[in-house]
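To find a chain, count down the sequence lines: A is the first, B the second, and so on, and within it residues start at 1.
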Amino acid sequence: MTNYEDVFKKVVSHAKEYGYVFQSSEVYDGLAAVYDYGPNGVELKNNIKNYWWKSMVNMHENIVGLDTAIFMHPTAWKASGHVDAFNDPLIDNKDSKKRYRADVLIENHIAKIDAKIEKDCIKAAKRFGVAFNKEEFVSTNKRVLERQKKIDEINQKMTSCFSNANLKGIKNLIEELDIKCPVSGTNNWTDVRQFNLMFKTQMGGTADSSSDLYLRPETAQGIFVNFLNVQKTARMKIPFGIAQIGKAFRNEIVARQFIFRMKEFEQMEMQFFVPPGEELKWYQYWKESRMKWHQSLKMGEDNYRFHDHQSLAHYANAASDIEFKFPFGFKELEGIHSRTDFDLKAHQKHSGRKIIYYDSKMNKSYVPYVIETSIGLDRMFLAVLSHSFFEEKLENGESRVVLKIPSVLAPLKAAILPLTKKDGMPKKAREIMKSLQIDFNCQYEEKDSIGKRYRRQDAIGTPFSITVDHQTLEDNTVTLRDRDTMNQERISVEKLHSIIAEKVNISNYLV
RNA sequence: GCGAGUGUAGCUCAGGGGUAGAGCAUCACCUUGCCAAGGUGAGGGUCGUGGGUUCAAAUCCCAUCACUCGCUCCA
């Protein structure tokens, strides 16, 4: 077992043991790729959401929030391209155990034939000393003409199969063309199976196909279809953004790596609307801005990097990921996409309604272009959790497990601990608890030795431990222990609130 | 989905055809009192689930569910 798997396993166990993440429906042996968040997990998650929302919505006069339904009109998903793009016909080679998209296999085969035509064309050009236009050449050469005919025939068959959802036909075509697996070199294929990444359900009691609904595979479309509602009612002027946090659902064939890839997940998205032609400028702006946001948590500059996309999705003209160094390597945490006017135009077309913005500065109307920033909340959660996990060797030879979660995100901000249960210490500790708990999530604990309680708070990731001792009763001071350094400071009870606030308030992180 | 591996207490794991085990954790009481694992006692498991073989299955066989890793896709 490699080391990172080891660490990752420990993080996963730790997450369960301390009430961060549980497997969904565990008493029924669990449900694949679905997880529940425990008492500490929900606090961390809420803190992440709040940190994002404050910085995106509250700190930007030109960004407003929105919360749209998970269900949307089915046509919305036709317009967005998800009905087509999320439908993958897959086929496995039984010998190499490799999986391919059936349409890609066929297209590659076509590309091979096409390459032969190209070659013939070049050869002929050499022989005759004349440069041929490819189309001309095809019509003049019998052998090449047949090749081109073959390509057309395959294309036509493939299109016909796909439009009739004829998966058997696709397999027949692959066998007929004797397409072989590039790895095993055999043509020992399984049947073609259709995988739709969108979850389907019905509205109303009957299974009438007209009432088929999808669970949204992304939150963005809820924003796009509400573009004019929001723009008009909030009296927004371009450039402006709409932010949303919400669940999305994808029926992933393989969902792995704990909460990194789940079937039900949560996105924090902001769609920023700009005039056509200015999208790449804003794309750059948001790339940098979003990276700064991540860096503000101080989880290590080197743990983030950009990954610019080479091949782009159907809606984008530029795309980049912010990747984080997870225990299993650099993986996507957030995507920044320049989505062009694809989505708004598509909804305009499918709905028959105009979705245009009148720009008084430019004195013209247009369909805005969109820059999207989309971060996986669960991935952010995993990034924080896995980055915070440390097993430390202490000077006295013992070890401790500590979650060095950025204090602003920590589920619990302070633990209030009476040194003993005697001499009125619990009463004093309760008083302190009362004075802090309205502003900070606190925990009172009197069980077990003080050292053990410190370790327990370390394992949860509580940045402060406040201990009430004999001296407290005399001069109203307590010891304040720092989670990361384990250093203790004696301070007066009145100062507690401001010291904790300084360390955990969002305003001290976001610039 | 396919292949390989795994599944025994909250956690980490041992055992293995004949009454279910350890350490840690949990709870109660006592003790100690500033960096966990002191004493006494208690609770907790139909050995992932279902079926089969057997006098007898946690153990062997089959199926199934889940997890880990690989292939594919992605937030």
Side-chain angles (χ1 to χ4, degrees), chain A residues 1-2 5 8-10 12-14 16-19 22-34 85-86 88 90-101 104 183 190-191 193-195 197 217-220 247-262 265-269 309 313 321-323 328 331-337 372-380 382 394-396 398-401 417-423 425 446-459 465 467-471 478-479 481 483 486-488 490:
Chain A
M1 190 191 293
T2 52
E5 282 170 7
F8 189 51
K9 263 192 165 172
K10 280 180 183 164
V12 174
S13 312
H14 193 84
K16 184 185 177 188
E17 193 170 353
Y18 289 91
F22 307 124
Q23 167 97 62
S24 164
S25 314
E26 202 188 57
V27 295
Y28 293 108
D29 291 331
L31 184 63
V34 184
F86 268 40
D88 290 344
L90 299 180
I91 188 166
D92 292 355
N93 183 271
K94 288 180 187 167
D95 299 312
S96 65
K97 311 294 180 201
K98 296 279 175 191
R99 160 162 300 175
Y100 303 90
R101 276 180 55 172
V104 171
V183 175
T190 63
D191 286 341
R193 279 157 308 190
Q194 189 76 273
F195 289 93
L197 288 174
E218 64 173 24
T219 53
K247 292 257 172 131
F249 305 82
R250 289 185 197 175
N251 200 2
E252 299 284 350
I253 308 152
V254 168
R256 288 281 164 75
Q257 273 146 342
F258 195 40
I259 56 172
F260 185 80
R261 183 172 298 120
M262 295 193 286
F265 60 102
E266 205 156 351
Q267 292 182 312
M268 304 193 287
E269 288 198 331
H309 288 210
D321 296 337
I322 293 174
E323 296 187 332
F328 38 85
K331 296 277 177 181
E332 179 176 4
L333 181 60
E334 171 157 8
I336 297 105
H337 293 189
E372 168 186 84
T373 73
S374 172
I375 171 168
L377 174 54
D378 311 276
R379 290 185 176 185
M380 183 73 193
L382 183 59
L394 302 179
E395 283 170 13
N396 62 9
E398 304 208 336
S399 65
R400 70 162 183 164
V401 174
L417 317 167
L419 187 61
T420 79
K421 281 182 246 178
K422 295 180 299 197
D423 305 328
M425 286 182 213
E446 59 179 34
K447 195 180 146 43
D448 291 318
S449 74
I450 191 69
K452 202 165 181 175
R453 281 178 275 167
Y454 287 151
R455 295 296 168 81
R456 208 146 47 208
Q457 294 302 327
D458 287 343
S465 290
T467 305
V468 172
D469 58 14
H470 288 94
Q471 200 180 326
V478 290
T479 60
R481 174 186 181 271
R483 173 195 68 197
M486 296 172 69
N487 289 336
Q488 279 179 297
R490 182 159 282 277

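Using a 4.0 Å heavy-atom criterion, one finds that A:Lys447 contacts the sugar-phosphate atoms exclusively. Nucleic acid contact class of A:Arg456 (heavy atoms, under 4.0 Å, all strands): sugar-phosphate only. At a threshold of 4.0 angstrom between heavy atoms, the contacts of A:Asp378 with the nucleic acid are absent. In this structure, A:Leu417 reaches neither bases nor backbone, as no heavy-atom distance under 4.0 Å exists between it and the strands shown. Within 4.0 Å of A:Asp469, counting heavy atoms only, lies at least one base atom of the nucleic acid. When heavy atoms are screened at a 4.0 angstrom cut-off, A:Thr420 is found touching base atoms of the nucleic acid.
Between the CE atom in A:Met380 and the CD atom in A:Gln267 there is a gap of 15.0 Å [rounded to 0.5 Å]. For the atom pair NE2 (A:His337) and CG (A:Asp321), the distance works out to 5.5 Å, reported to the nearest 0.5 Å.
Nucleotide B:U32 forms no Watson-Crick or G-U wobble pair with any nucleotide shown, as no partner meets the under 3.5 Å limit on both distances. B:C71 and B:G1 make up a base pair, with Watson-Crick or G-U wobble contacts both under 3.5 Å. For B:U19, there is no paired base (Watson-Crick or G-U wobble, both distances below 3.5 Å). Judged by Watson-Crick or G-U wobble contacts below 3.5 Å, the nucleotide B:A66 has B:U6 as its partner. In this structure B:C60 sits in a base pair with B:G52, meeting the Watson-Crick or G-U test at under 3.5 Å.
Checked against B:A75, B:C34, B:C11, the side chain of A:Thr479 finds its nearest nucleotide in B:C34. Taking only side-chain atoms of A:Arg490, from C-beta outward, the nucleotide of B:G33, B:U12, B:C34 with the closest atom is B:C34. Comparing B:G33, B:C74, B:C67 by their nearest atom to the side chain of A:Gln23 picks out B:C67. Of the candidates B:C35, B:C34, B:C11, the closest approach to any side-chain atom of A:Met486 belongs to B:C35. Taking every side-chain heavy atom of A:Thr467 into account, B:C34 is the closest of B:C74, B:C34, B:C35. Among B:C35, B:G10, B:A75, the nucleotide with an atom closest to any side-chain atom of A:Arg261 is B:A75. Checked against B:A36, B:A75, B:U12, the side chain of A:His337 finds its nearest nucleotide in B:A75. With B:C69, B:A75, B:A36 as the choices, the nucleotide that has an atom nearest any side-chain atom of A:Phe8 turns out to be B:C69. Among the nucleotides B:C35, B:A75, B:C69, the one closest to any side-chain atom of A:Phe265 is B:A75. For A:Leu419, the listed nucleotide lying nearest its side chain is B:G33; candidates were B:A37, B:G33, B:C11.
Atom P of nucleotide B:A75 and atom CZ of A:Phe249 are separated by 17 Å, given to the nearest angstrom. Spacing between atom CZ of A:Phe260 and atom C1' of B:U68 amounts to 17 Å, rounded to whole angstrom units. Put simply, CE on A:Met425 is 13 Å from P on B:U32, counting in whole angstrom units. For the pair A:Gln267 CD and B:C74 C1', the interatomic distance rounds to 11 Å; values are reported in whole Å. If you take NE2 of A:His309 and C1' of B:C73, they are 13 Å apart, rounded to a whole angstrom. Going from atom CD1 of A:Ile450 over to atom C1' of B:U31 covers 17 Å, rounded to whole Å. Distance A:Tyr18 OH to B:A25 P: 10 Å, rounded to the nearest Å.
The base of B:C34 has none of its N or O atoms less than 3.5 Å from a complementary donor or acceptor on the side chain of A:Arg453. Side-chain to base pairing of A:Arg481 with B:C35: one donor and one acceptor N or O lie within less than 3.5 Å of each other. One donor-acceptor pair, N or O on each side, does fall under 3.5 Å between the base of B:C34 and the side chain of A:Gln488.
Remark: side-chain polar atoms of A:Arg453 are paired, donor with acceptor, to backbone N or O of A:Pro418 under 3.5 angstrom. No donor-acceptor pair under 3.5 Å is formed between the side chain of A:Arg455 and the backbone N or O of A:Val401.
For A:Ser449, the side chain to side chain contact (heavy atoms under 4.5 Å, CB included) partners at least two apart in sequence or on another chain are A:Lys452. Every residue two or more places apart in sequence or in another chain that forms a salt bridge (Lys or Arg N to Asp or Glu O under 4.0 Å) with A:Lys16 is listed here: A:Glu26.
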I'd like to know whether A:Lys331 forms a side chain to side chain contact (heavy atoms under 4.5 Å, CB included) with A:Glu323, so could you lay out the CA-CA distance, the side-chain angles of the two residues, the decisive distance to 0.1 Å, and finally the verdict.
CA-CA 5 Å; A:Lys331 296 277 177 181; A:Glu323 296 187 332; 6.0 Å; no
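Rounded to a whole angstrom, the distance from the C1' atom of B:U26 to that of B:A63 is 37 Å.
Across the interface with RNA chain B, nearest-nucleotide mapping of A:Glu266 and A:Pro418 shows A:Pro418 to be the residue nearer the 5′ end. Ranked by how close their nearest RNA chain B nucleotide is to the 5' end, A:Glu17 and A:Gly335 are led by A:Glu17.
Stacking here means ring centres nearer than 5.5 Å and ring planes tilted less than 30 degrees, and by that measure A:Tyr454 does not stack onto B:A36.
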